[in-house]
Structures are given as structure tokens and as C-alpha cells.
Amino acid sequence: MQNIEHSYIDVIYRVLESWYMRFAELTPKLIVGIVVFLFFLITSKYLSLGAVKLFHKFFPKSKKEGSLVTLIGVFRFLIMMMGSFIALEIMGFSGFLWKFIGSLGVAGVIAGVALKDLVSSIFSGMLIGIDKAFKVGDYITIGNHSGTVQEIGFLTTKLITDDGKKAYIPNQVIFNAPFYNITASPQRRIILNFEIPADEDITKAQKGMLDVIKNLDSVDRLDTSEVIFTDLKQGNFNLQAKFWMKVGANMVQLKSEAYLKIKQRLDSDNIQLVTPTSISITNGESPPAENQDK
């Protein structure tokens with residue numbers, strides 16, 4: 001019994017001794033690897049600044065359009081990755097790392113398919129940040145949504161719409177579809193559409209609408225304001241009023257004011273706008289007298 005216990009102790013001792021010898025052999029490599037990693041960690045900020053300057057030298061246009069903070073972050077991440085791989089190679093752990101990465105290949109493919117939209121939104125958010133097509137505070141239009149940018153996140157861009165609602169737009173949608181940055185334009189052109197019956201005095205209506213537009217306080221470049229005929233359908237003329245608003249003016253307020261004053265002018269000129277027709281569908285019986293149209 002004592003011999004068996006003694007043999008177990010010998011086995012454990014030999015295992016611990018072999019571990020100690022291997023650790024002693026790896027100690028210099030571990031120290032050098034840690035020193036190399038700390039060097040890249042400490043100097044990554046300065047190395048990334050140098051890499052950005054070199055990048056701007058070869059691509060001068062990126063200095064005007066790109067984000068300095070984002071570029072520094074990208075280069076710093078790449079430098080840290082390079083330092084980590086070099087340190088692991090020195091310590092002799094690179095083989096284990098590559099085997100571990102290889103074992104994740106199948107899981108990575110499955111996760112990539114399952115999380116395709118999520119990953120796409122994350123990368124789209126990064127590209128939006130680099131491209132700087134819009135920023136927080138800009139008024140933009142994306143599809144059917146218009147509003148002020150409140151936050152640009154990794155997955156979604158948050159807008160405060162004109163009616164005060166908070167809209168969350170996936171970054172993938174923004175990156176893959178056209179959008180408009182209204183704030184980026186120093187001036188904006190407003191287009192209003194009206195329908196007037198063909199039996200009305202169309203020329204008088206056109207002149208009256210143009211007079212109203214030119215007398216609005218927030219309208220700029222008066223010589224370019226115009227009211228034109230765009231179509232004639234089912235006995236109705238389609239008129240389109242086009243004018244520029246001044247920089248800094250409130251677009252929603254100006255449109256409301258223009259609609260109201262044009263309507264008042266047309267009413268004073270006895271010109272009627274096309275109104276929706278009310279249609280009643282019955283089962284053949286005559287409706288009560290109080291419900292009949294007068």
C-alpha cells in the first residue's frame with residue numbers, strides 16, 4: 001500500500017517538475033513578450049498619429065472629408081492587434097491562437113449568417129461615422145422619415161421627427177438607400193402643389209399666387225420664384241409654386257404661412273381650389289331627410 005502511495009507521489013512530483021522546467025524555459029520569452037506588448041500599448045497613440053499623417057500624405061482628400069478621431073481609433077486598433085500577435089509569437093502561443101481561431105470557423109459562419117443584419121448595421125454605423133454625411137443636430141430625410149439627428153449609434157440612428165416622435169432608423173437602411181441632409185444645404189427650395197378647376201381664371205390664380213410668394217418675409221431670391229402649370233387631369237389644372245427660403249428660416253412655418261396666404265388670396269379673387277368629393281353608398285333605400293346632401 002505504501003509503495004502504491006509512493007508511486008502516486010512520484011508521478012505528481014514528476015509532472016510538477018516538468019511544468020516547472022517548461023515554465024523556467026518560457027520565462028524569458030514571457031518577459032520579452034510582455035515587454036513588447038507593453039511597448040505597443042504605450043506607444044500606440046503616437047504610432048497611430050504617425051500612421052494618420054502618413055495616410056493623409058498619400059490621400060490628401062481624406063484630410064478634408066475624414067474624421068481624425070475615427071482614423072486614429074482605427075489605426076490604434078490595428079497597431080494593438082499587430083503588437084498582440086507579435087507578443088504571442090515571441091511567447092510561443094501563436095500556434096494555439098491560430099488553432100483556436102480555426103476552431104471558431106464553423107461557429108463564425110453560423111453566427112455570421114444569423115447575425116448578418118446586426119453586423120451589417122454595426123459596420124454601416126462605423127462607415128457613417130467615417131463618411132460624416134451628417135452629424136448630430138442636422139435635419140435629414142431618410143425614406144418617409146424627416147427629423148433632427150439626436151444620436152448616431154452602432155446599430156441605429158435616432159431622429160426627432162417634426163411631430164416630436166423619436167424614430168430609430170437602422171444604419172443598414174441609411175447606408176444602402178439615398179438620404180437627404182437638409183442642413184448641409186445653405187438654402188432650401190420649397191415646392192407647393194395646388195389643383196384648380198379648368199373653368200376658373202387660371203392666369204389670375206397664377207398671378208395672385210406669385211404675388212403672395214414674393215411678399216413673404218422668409219423668401220429669398222425673389223427673381224427665381226415662379227408658379228407654373230405642370231399638368232391637366234380630369235378638368236383640373238395642377239399648379240406648382242416654387243421659391244427659395246432664407247438661410248435659417250423655419251421651413252415648416254414658412255410652408256404653413258404660404259399655404260394660408262395663398263388660400264386667402266384665391267378666396268378674395270373668387271377662385272376655388274379642388275376639394276374632395278363626398279360619395280355616399282346606400283342599399284337602395286332613400287336616406288332620411290336630415291342626412292341628405294343639401
Side-chain angles (χ1 to χ4, degrees), residues 61 64-65 128 131-150 152 157-167 169 173-174 177-277:
K61 191 177 180 180
K64 299 179 181 179
E65 299 180 355
I128 289 171
D131 188 56
K132 292 294 180 183
F134 57 83
K135 61 183 183 300
V136 174
D138 284 355
Y139 186 90
I140 64 174
T141 298
I142 304 172
N144 296 325
H145 302 279
S146 296
T148 303
V149 179
Q150 184 185 43
I152 303 173
T157 293
K158 302 173 184 63
L159 304 180
I160 300 297
T161 60
D162 296 331
D163 55 358
K165 295 180 181 178
K166 183 178 288 187
I169 313 297
V173 174
I174 300 173
F179 60 89
Y180 303 93
N181 188 341
I182 309 300
T183 304
S185 303
Q187 286 185 314
R188 288 176 252 173
R189 196 177 194 187
I190 296 178
I191 300 176
L192 307 179
N193 293 287
F194 299 88
E195 288 190 12
I196 297 179
D199 57 356
E200 297 287 348
D201 191 338
I202 304 300
T203 303
K204 187 177 181 181
Q206 183 183 25
K207 183 179 181 302
M209 292 168 64
L210 190 58
D211 289 341
V212 170
I213 291 171
K214 290 185 175 182
N215 285 293
L216 295 174
D217 293 335
S218 299
V219 174
D220 196 12
R221 298 162 59 178
L222 299 178
D223 56 329
T224 61
S225 301
E226 59 181 354
V227 178
I228 60 175
F229 300 107
T230 59
D231 203 356
L232 175 62
K233 289 183 178 179
Q234 299 178 351
N236 298 323
F237 273 106
N238 292 334
L239 276 74
Q240 195 171 80
K242 300 181 180 180
F243 54 94
W244 293 90
M245 62 177 288
K246 292 181 179 178
V247 178
N250 188 313
M251 182 179 64
V252 176
Q253 183 176 353
L254 179 57
K255 288 176 66 175
S256 176
E257 182 183 3
Y259 274 126
L260 179 61
K261 291 189 175 182
I262 288 175
K263 178 63 168 61
Q264 291 174 347
R265 176 60 182 268
L266 294 177
D267 288 343
S268 65
D269 291 339
N270 295 319
I271 298 175
Q272 299 296 319
L273 291 170
V274 174
T275 56
T277 302

Would you please test Thr148 and Leu159 for side chain to side chain contact (heavy atoms under 4.5 Å, CB included) and show each step?
-> CA-CA 5 Å; Thr148 303; Leu159 304 180; over 6 Å; no
Stepwise side chain to side chain contact (heavy atoms under 4.5 Å, CB included) check, Lys166 with Ile160 = CA-CA 5 Å; Lys166 183 178 288 187; Ile160 300 297; 4.1 Å; yes
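For the atom pair CG (Asp211) and NZ (Lys261), the distance works out to 13.0 Å, reported to the nearest 0.5 Å. Considering CD1 of Ile190 and CG of Leu254, their distance stands at 4.0 Å, rounded to 0.5 Å. Taking NZ of Lys207 as the start and CG of Asp201 as the end, the distance is 11.0 Å to the nearest 0.5 Å. The distance from the CD1 atom of Ile262 to the CD atom of Glu257 is 10.5 Å, given to the nearest 0.5 Å. Rounded to the nearest 0.5 angstrom, Ile213 CD1 and Glu226 CD are separated by 9.5 Å. Here the CZ atom belonging to Arg189 is positioned 8.0 Å from the CZ atom belonging to Arg221, to the nearest 0.5 angstrom.
Among Asn193, Asn238, Leu239, the one residue that satisfies the side chain to side chain contact (heavy atoms under 4.5 Å, CB included) test with Asp231 is Asn238.
Here the shortest heavy-atom pairing between Ala241 and Phe194 reads CB-CE1, 4.5 Å. A pairwise comparison of heavy atoms in Pro197 and Ile202 identifies O-CD1, 3.5 Å as the closest pair. Summarising the geometry of Leu222 relative to Val219, their closest heavy-atom pair is CD2-CG1, 3.5 Å, with the distance given to 0.1 Å. Considering all non-hydrogen atoms of both residues, Met209 and Leu266 come closest at CG-CD2, 4.3 Å.
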Extract all donor-acceptor atom pairs below 3.5 Å that involve side chains of residues 267-274 and protein atoms in other chains or at least two apart in sequence.
unit_1 : atom_1 : unit_2 : atom_2 : d
Asp267 : OD1    : Lys263 : NZ     : 3.0
Asp267 : OD2    : Lys263 : NZ     : 2.7
Ser268 : OG     : Gln264 : O      : 3.4
Ser268 : OG     : Arg265 : O      : 2.7
Asp269 : OD2    : Arg265 : NE     : 3.0

Please list, one pair per line, the donor and acceptor atoms closer than 3.5 Å that link side chains of residues 137-147 to other protein atoms, with sequence neighbours excluded.
unit_1 : atom_1 : unit_2 : atom_2 : d
Asp138 : OD1    : Lys135 : NZ     : 3.4
Asp138 : OD2    : Lys135 : N      : 3.1
Asp138 : OD2    : Asn181 : ND2    : 3.2
Tyr139 : OH     : Asp162 : OD1    : 2.9
Tyr139 : OH     : Asp162 : OD2    : 2.8
Thr141 : OG1    : Ser146 : OG     : 2.9

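Judged by distance alone, the side chain of Gln206 and the main-chain N or O of Val227 form a donor-acceptor pair under 3.5 Å.
The shortest side-chain heavy-atom distance between Phe179 and Ile169 does not fall under the 4.5 Å cut-off.
Counting non-hydrogen atoms of other residues, nucleotides and ligands closer than 6.0 Å to OH of Tyr259 gives a total above 12.
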